[in-house]
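Okay, structure first, notes after.
Everything quoted here is computed from the prediction, not taken from an experiment. All values below were derived from every heavy atom in this structure, side-chain atoms included, with hydrogens, water molecules and symmetry-related copies excluded.
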Amino acid sequence: MNKAALLPGALMPVLIVIGAWFWFHTHHALGNLLTGDLPGQALAWGRLAGLLAAVGVLVQIMLVARVRRFEQVFGLDRLTRLHHVLGFSLVLLLVLHPALVTVGHALQADAGLAEQTLDFWTNWRGLASAMVGLLLMIAALVTSVLVLTKRMRYEVWYATHLTLYVAFALSFLHQVVTGSDLTDHPGFRAYWCLLYAYVLLHLIVCRFAKPCALYFRHRFTVERLVPEAGDVTSVHIGGRGLRSLAAEAGQFVIVRFLAKGFRWEAHPFSLSSRPDGSGLRLSIKGVGDFTRRISELKPGTPVVIDGPHGVFTARRCDSDKVLLIAGGIGITPVRALAEELVEDGCDVLLLYGNRNASGIVFKEELEALAERSDGRLRLVHVLSSDPAWTGEKGYIDRDCLSRLVPDLASRDVFLCGPPVMMKGVRRALADLGVPASRVHDERFAL
């Protein structure tokens, strides 16, 4: 299934909601409310804002529900970034809905805004819980801003973000018992409830049931830890019947280590070796509170795995000539992908950028892979801050690409690294005439 096939289905709920709202308010028993008096118009537009906000929340949940048919088309990293952007844009609708509805009812009752708000709280069924839900949603958005500006730890944000599910539940009741678009139209109310049930079912199955089923089927455990270069630790994970896991080189998994100090957090990590059915390897750089403690894990620790996820795989390659570009710890999916592409008989050139030689992860592995590839894999290290380095120096930029990759136009490009580096390389590739459709990247970051 492709993007063009999925988009109409994704837009359909929005179109149905807008169409139903328009019909209800232009064919109301009191006449066309959209052209009526000010209180009626405020209520009508306030209801639309509420309906769209509710649909937006449902879309938000689907974006992060890890539904495979969506994730395998768009990529979980892109769905997550869209989730972030949409979350902030929902603020306007979440504020407009109560503001317009309160103004409309206050004008109809000839009451003040504070008096009308108190009336909602005390006399309208479900509105008190909806107000609490709204405050929780706004609080979650505020914490998202704080974590993006590095003023809050990711772990604290993640815990507070879970309150959105509580807010979601609190706000549902008032929609079905006080929203006139639903209470006055049983068919639309049934559709609305089915929409909620559809989203809730996908959330439960994809986010909770599937990882639990995978755990009980494969019994994942930490087998051993291996220190690598550059503050990186490789975690080797074993289990039962891993050949049926259907993991691909270049993909990532979301792991939860069931050990003290780890079990309450789940994080995504790329597979750093080609899955062969005997085990999984995650190579994790210590850059935060969670990752710096990875070396404390003990063999035998149970692991819950969600995935595999990601579309950064050989299936996206249309050519038998490939350029792989990695920066720093971005080598993890690229190293696995290089092995797969070589096995598939592709002509592979790998450019690996680091600051100095001590930061090169998998140096011996990559050199050994290149040696046994019969020339199908060429490896070039590019170091930016190592005076003793006698190889390629500088950055992977336009000059570097045009000089080292003379046949760039005939290659598919796979790119993974720090955001700043990826942005610069993408710009350089565009300047050199490489179509965006030939550039594949993995940008899984909060």
If you apply the rule side chain to side chain contact (heavy atoms under 4.5 Å, CB included), what do you find for Val434 with Val439, and how did you get there?
CA-CA 8 Å; Val434 180; Val439 181; 3.8 Å; yes
Assess whether side chain to side chain contact (heavy atoms under 4.5 Å, CB included) is satisfied between Glu392 and Leu383, documenting all intermediate values.
CA-CA 7 Å; Glu392 190 71 29; Leu383 304 187; over 6 Å; no
Report the C-alpha separation of Leu297 and Phe257 in whole Å, then their side-chain angles, then the decisive distance to 0.1 Å, and conclude whether the side chain to side chain contact (heavy atoms under 4.5 Å, CB included) test is met.
CA-CA 8 Å; Leu297 288 169; Phe257 299 107; 3.8 Å; yes
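Within the 4.5 Å cutoff, the side chain of Gln60 has no heavy atoms near those of the Met62 side chain. By the 4.5 Å heavy-atom criterion applied to side chains, Phe188 and Leu51 are counted as neighbours. No side-chain heavy atom of Leu52 sits less than 4.5 Å from a side-chain heavy atom of Trp21. Leu271 places none of its side-chain heavy atoms less than 4.5 Å from the side chain of Pro333. Using a 4.5 Å heavy-atom threshold, the side chains of Leu282 and Ile294 count as separate. Gln251 is listed as a side-chain neighbour of Thr313, based on a closest heavy-atom distance under 4.5 Å. In this structure, the side chains of Val382 and Val380 come closer than 4.5 Å at one or more pairs of heavy atoms. Annotation: side chain of Val226 is not in contact with side chain of Thr233 (no heavy-atom distance under 4.5 Å).
No side-chain N or O of Thr332 forms a donor-acceptor pair with one of Ser272 less than 3.5 Å apart. In summary, the side chains of Asn356 and Trp389 do not present any donor paired with an acceptor at a separation below 3.5 Å, with no hydrogens or angles considered. For the residue pair Asn354/His381, the side-chain donor-acceptor check at 3.5 Å is not satisfied.
For Phe252 and Phe269, the ring centers sit 6.0 Å or farther from each other.
Residues Tyr352 and Val361 come closest through the heavy atom pair OH-N, 3.3 Å. Considering all non-hydrogen atoms of both residues, Val348 and Leu341 come closest at CG2-CB, 3.7 Å. Of all heavy-atom pairs between Thr301 and Ala259, the closest is CG2-CB, 3.7 Å. Heavy-atom minimum distance, Cys317 versus Ser319: SG-O, 2.9 Å. Considering every non-hydrogen atom in both Ala65 and Arg207, the closest pair reads O-CG, 3.6 Å.
Other residues, nucleotides and ligands contribute more than 12 heavy atoms inside 6.0 Å of the NZ atom of Lys393. In this structure, Arg316 places its CZ atom where more than 12 heavy-atom neighbours from other residues, nucleotides or ligands lie under 6.0 Å away. Residue-environment remark: OH (Tyr196) exceeds the threshold of 12 foreign heavy atoms within 6.0 Å.
Salt bridge absent: Glu265 and Arg256 never bring a charged side-chain N and a carboxylate O closer than 4.0 Å. The pair Glu343-Arg372 does not count as a salt bridge, with every side-chain nitrogen at least 4.0 angstrom from each carboxylate oxygen. The existence of a salt bridge linking Arg47 and Asp181 is excluded, since no basic side-chain nitrogen approaches an acidic carboxylate oxygen closer than 4.0 Å. A salt bridge is absent between Arg355 and Asp386; no separation between the charged side-chain nitrogens and carboxylate oxygens falls under 4.0 Å.
Using the six-membered ring where Trp is involved, His174 and His97 have ring planes that are tilted, between 30° and 60° apart. In this pair, His440 and Phe414 present their aromatic rings tilted. The plane angle is within the 30 to 60° band.
A cation-pi geometry, defined here as NZ or CZ lying under 6.0 Å from the six-membered ring centre and within 45° of its normal, holds between Arg281 and Phe362. Under the 6.0 Å distance and 45° angle rule, Arg293 counts as a cation-pi partner of Phe262.
Here OG of Ser234 is found 3.5 Å from CD of Glu228. Values are rounded to the nearest 0.5 Å.
By the side-chain contact (heavy atoms from CB on, under 4.5 Å) test, Thr102 pairs with Leu113, Gln116, Thr117, Phe120, sequence neighbours left out. For the side-chain contact (heavy atoms from CB on, under 4.5 Å) test, residues two or more places apart in sequence or in another chain that qualify with Ser373 are Val342, Arg376, Leu377.
Judged by distance alone, with hydrogens and angles left aside, the side-chain atoms of Gln175 form a donor-acceptor pair with the main-chain N or O of Ser171 at under 3.5 Å.
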Only pairs under 3.5 Å count here: list side-chain donor-acceptor contacts from residues 210-218, not counting sequence neighbours, and write none if there are none.
| from | atom 1 | to | atom 2 | distance (Å) |
| --- | --- | --- | --- | --- |
| Arg217 | NH2 | Ser244 | OG | 3.3 |
| His218 | ND1 | Arg240 | O | 2.7 |
| His218 | ND1 | Gly241 | O | 3.3 |

